[in-house]
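Read through the structure below, which is laid out as structure tokens, and then see the notes.
The figures that follow rest on heavy atoms only: side chains count, while hydrogens, waters and symmetry mates do not. Quick note on labels: first sequence line is chain A, next is B, and so on, each numbered from 1.
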Protein chains: 2
Amino acid sequence: MGTTKSEIFTDRQNELAVLLKAIAHPARIAILQHIMAANACICGDLVDELGLAQATISQHLKELKNAGIIQGTIEGVKVCYCIEPKTWKLLQTQLADLFGAYQGQNTCC
Amino acid sequence: MGTTKSEIFTDRQNELAVLLKAIAHPARIAILQHIMAANACICGDLVDELGLAQATISQHLKELKNAGIIQGTIEGVKVCYCIEPKTWKLLQTQLADLFGAYQGQNTCC
DNA sequence: ATTATTAATCGTAATATTGCGATATAATAA
DNA sequence: TTATTATATCGCAATATTACGATTAATAAT
């Protein structure tokens, strides 16, 4: 055990869960906000801004990259990270669907 | 280690991360969709619908409840779960802010 | 009172996550 | 070549998550 039983859920449910998991960490939220504010970003900046070790931030960036949420291009010695628009919009759409299912008032409770 | 360093992030970042974490699992997404579709819900239904053990679903429900996303009221022998509108709207607002920060095109990458 | 029925909790095993120091890699600069 | 700088990866320890069988607690039905 310890592993999610993905087989029993729909592709959409699994996909959304993976994307949400990727952003469900304050450090990764902070990273995304930083990237969006700068409309570009360099890892070194984050090590100064956030109070986490370089190895830790690199790992968080990797997770965001694995989920397809950000993209990194080598810019000389540095690496420039930015939002991957396709995935970002996909997440937005999937969330809109999820929230859209809410009818407001409940009959029970 | 193994614990998130919440102290170094803002309250909003931590709050959003907690809410996202709560819904970042396919089973919990399925549960929320089920609750919203029925506009009410009973745990037993979920055990039949989803292919997870009763203990597992109860645990997922507890996590959603802990995060304040759902609310459960005892209805005789059964328990009726439903969305907690306040938290649900809060999450929606926080996400709108996060996505609102995205400027679209990037200057780099 | 006894027996279902429903859901919560306990205990446990397997696996995942978080964070960091140390080290490796890669590109530039001296 | 030899530093220097920037980022990635490795290895590890601490903790968290996922899942489930077994048990418990509480109400309802017989």
Side-chain angles (χ1 to χ4, degrees), chain A residues 1-9 13-14 17-18 20-31 34-35 40-67 70-82 108-109, chain B residues 1-9 13-14 17-18 20-31 34-35 40-67 70-82 108-109:
Chain A
M1 271 125 238
T3 352
T4 299
K5 281 179 117 188
S6 313
E7 331 86 60
I8 65 172
F9 303 107
Q13 286 167 339
N14 284 317
V18 166
L20 287 173
K21 208 174 185 183
I23 66 166
H25 190 286
R28 295 197 288 272
I29 290 171
I31 287 172
H34 195 82
I35 291 180
C41 172
I42 277 123
C43 179
D45 292 2
L46 296 164
V47 179
D48 299 334
E49 300 281 342
L50 316 180
L52 290 170
Q54 184 267 319
T56 309
I57 286 174
S58 188
Q59 204 173 272
H60 282 305
L61 286 166
K62 192 183 175 186
E63 271 171 78
L64 287 169
K65 221 164 72 177
N66 283 345
I70 63 169
Q71 177 193 9
T73 38
I74 297 159
E75 197 92 13
V77 192
K78 305 193 173 185
V79 175
C80 175
Y81 284 103
C82 61
C108 85
C109 304
Chain B
M1 270 126 234
T3 352
T4 299
K5 282 180 117 187
S6 313
E7 331 87 60
I8 65 173
F9 303 107
Q13 286 167 339
N14 285 317
V18 165
L20 287 174
K21 209 174 184 181
I23 65 167
H25 190 286
R28 294 196 289 271
I29 290 170
I31 288 172
H34 195 83
I35 292 180
C41 173
I42 278 123
C43 180
D45 292 0
L46 296 164
V47 179
D48 299 333
E49 300 280 341
L50 314 182
L52 289 170
Q54 184 267 320
T56 309
I57 287 175
S58 189
Q59 204 173 271
H60 281 305
L61 286 166
K62 191 185 177 186
E63 270 170 78
L64 287 169
K65 219 164 74 178
N66 283 344
I70 63 170
Q71 176 193 11
T73 39
I74 297 159
E75 197 91 12
V77 191
K78 304 193 173 186
V79 175
C80 176
Y81 284 102
C82 61
C108 85
C109 304

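The nearest whole Å value for the distance from the CG atom in Asn66(B) to the C1' atom in dT17(D) is 14 Å. Leu61(A) has its CG atom 13 Å from the P atom of dT18(C), to the nearest Å. The NZ atom of Lys5(B) sits 16 Å away from the P atom of dA14(D) (whole-angstrom rounding). Rounded to a whole Å, the NZ atom of Lys62(B) is 10 Å from the P atom of dA8(C). Protein atom CD1 of Ile29(A) is 15 Å distant from nucleotide atom C1' of dT18(C), rounded to whole Å. What separates CD1 of Ile57(B) from P of dA7(C) is a distance of 10 Å, to the nearest Å. At whole-Å resolution of the value, NZ in Lys78(A) and P in dA29(C) are 12 Å apart. Atoms NZ (Lys21(A)) and P (dA16(C)) sit 8 Å apart, rounded to a whole Å.
Side-chain N or O atoms of Arg28(A) include none that pairs as donor or acceptor with a backbone N or O of Leu64(A) at under 3.5 Å.
In the set dA19(D), dT18(C), dG21(C), dG21(C) carries the atom at the smallest distance from any side-chain atom of Ala53(A). Closest to the side chain of Thr3(A), out of dT18(D), dA8(C), dA16(C), is dA16(C). Out of dT9(D), dG19(C), dA6(D), the shortest distance to the side chain of Ser58(A) is found at dT9(D). In this structure, of dA6(D), dT18(D), dG21(C), it is dG21(C) that holds the atom nearest to the side chain of Ala55(A).
Each of Gln71(B), His34(B), Lys65(B) was compared with Tyr81(B) under the side chain to side chain contact (heavy atoms under 4.5 Å, CB included) criterion, and only Lys65(B) meets it.
Backbone-only engagement by Ile42(A) is indicated by non-hydrogen atom pairs under 4.0 Å involving sugar-phosphate atoms exclusively. Backbone-only contact: Leu52(B) has heavy atoms under 4.0 Å from sugar-phosphate atoms and none from a base. Counting any heavy atom pair closer than 4.0 Å across all strands shown, Val77(B) reaches a base atom. The residue Ile74(A) sits apart from the nucleic acid: no heavy atom pair falls under 4.0 Å. Residue contacts for Thr56(B): at a heavy-atom cut-off of 4.0 Å it reaches a base atom on one of the strands shown.
Interface remark: the Gln54(A) side chain does not form any donor-acceptor pair with the dA6(D) base, using a distance-only criterion of under 3.5 Å. You'll find a donor-acceptor pair under 3.5 Å spanning the side chain of Gln59(B) and the base of dC20(D), going by distance alone.
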For side chain to side chain contact (heavy atoms under 4.5 Å, CB included), just list the numbers for Leu61(B) and Val79(B), CA-CA rounded to whole Å, side-chain angles, deciding distance to a tenth of an Å, and then say yes or no. CA-CA 11 Å; Leu61(B) 286 166; Val79(B) 175; over 6 Å; no
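Looking at which nucleotide of DNA chain D each of Lys65(A) and Phe9(A) is closest to, the 5′-most match is held by Lys65(A). Both Gly76(A) and Glu63(A) lie near DNA chain C, and the one whose nearest nucleotide falls closer to the 5' end is Glu63(A).
For the pair His25(A) and dA16(D), the criterion of a side-chain N or O lying under 4.0 Å from OP1 or OP2 is not met. The shortest distance between the side-chain N/O atoms of Tyr81(A) and the OP1/OP2 oxygens of dA8(D) is below 4.0 Å. Side-chain N/O atoms of His60(B) include one lying less than 4.0 angstrom from OP1 or OP2 on dA19(D).
Between His25(B) and His60(B), the ring planes are tilted. Angles from 30° to 60° get that label.
Interatomic distance, Ile29(B) CD1 to Asn14(A) CG, rounded to the nearest 0.5 Å: 8.0 Å.
Within a 6.0 Å sphere centred on CD1 of Ile74(A), heavy atoms belonging to other residues, nucleotides or ligands number 12 at most.
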